[in-house]
Amino acid sequence: SQLEEMSLPLYFGWFLLSSIQDKIRCTSMDFLKTLDTLEAFKKHSIDFTGKAEKEVDLEQYFKAKGTLHCTTKYCDYGKAEGAKEYAQKPAVTDFYGSAFEMSLSALFVTPRTFGARVSLTEEQLLLWPDDAEKEAASAVPAAASLPLGSRAHVTLGCAEGIEPVQTGLDLLQIVALQQEGQQGELVEEMELGSLTYYGEGRWLISLREPICAPACFSSSYK
Ligand code: A2P
């Protein structure tokens with residue numbers, strides 16, 4: 001019934017506490033500021049601008065997308081496949097409202113999205129949908145064979161006209177390349193970590209010290 005559908009949220013996920021959101025925004029903005037000044041980045045800026053040699057201001061390029069969170073299940077108020085089953089999983093009802101420590105292990109930038117990779121613990125994987133990666137296979141064919149949790153991320157910003165669902169797909173592309181043994185091009189050791197270029201405007205910095213982010217497992221209706 002319509003009433004039952006209304007009782008399911010837009011999505012479930014881990015919502016980062018506001019103090020750590022501020023810290024992550026600072027760290028990630030500093031990273032963007034540094035990245036777009038690197039010669040190696042400028043060399044490939046055509047991926048972002050469509051024009052060779054044209055400078056790009058990444059801080060302006062990406063628009064923030066509301067409160068920082070790591071989506072577990074997109075339910076679309078019950079319209080998404082498997083939404084009801086997910087909402088009824090024992091782990092989901094048991095952990096609803098509980099506190100977690102999320103580990104942000106990398107930041108990545110593509111011409112479409114800016115995000116943070118989230119490395120899930122065994123316990124956190126209990127809340128991860130079994131089909132989260134498989135579901136992305138039409139967009140990223142290799143995704144179906146990637147380990148559970150490969151898609152886990154926090155969207156930090158999107159380019160004009162891009163929806164946040166793209167961030168997880170961009171991450172899956174990079175993880176697929178890593179799994180295929182493509183090392184990427186190690187560009188620079190930065191204070192934050194090692195910066196790697198994966199081609200086609202895809203950049204990833206593996207954080208020397210992962211960011212530990214307290215978060216609440218909950219849902220959003222808006
Ligand atoms: P993300 O988790 O990458 O941030 P929207 O505002 O577009 O309705 O999306 C609400 C949240 O659900 C966003 O956080 C978004 O992306 C995520 N999301 C949207 N669509 C999907 C989808 N089809 N699959 C997985 N997550 C989605």
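For ligands, and for the atoms within them, numbers begin at 1 and follow the listed sequence.
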Compute whether any side-chain donor of one residue and acceptor of the other, for Glu133 and Trp128, lie under 3.5 angstrom apart.
yes
Consider only side-chain N and O atoms of Thr110 and Tyr198, and report whether a donor and an acceptor are under 3.5 Å apart.
no
For ligand 1, run through the N/O pairs with the protein that fall under 3.5 Å and put one pair on each line.
unit_1   : atom_1 : unit_2 : atom_2 : d
ligand 1 : 2 (O)  : Thr71  : OG1    : 2.6
ligand 1 : 3 (O)  : His153 : NE2    : 2.6
ligand 1 : 3 (O)  : Thr155 : OG1    : 2.8
ligand 1 : 3 (O)  : Pro164 : O      : 2.7
ligand 1 : 4 (O)  : Thr155 : OG1    : 2.9
ligand 1 : 14 (O) : His69  : NE2    : 2.5
ligand 1 : 14 (O) : Thr71  : OG1    : 3.3

Is there a side-chain contact between Phe31 and Ile205, using heavy atoms and a 4.5 Å cut-off?
yes
Close aromatic pair by centroid cut-off 6.0 Å: Phe114 and Phe62
yes
Within a radius of less than 6.0 Å around CD of Glu122, do more than 12 heavy atoms belonging to other residues, nucleotides or ligands occur?
no
Does Ala80 offer a backbone N or O that forms a donor-acceptor pair with the side chain of Tyr77 under 3.5 Å?
no
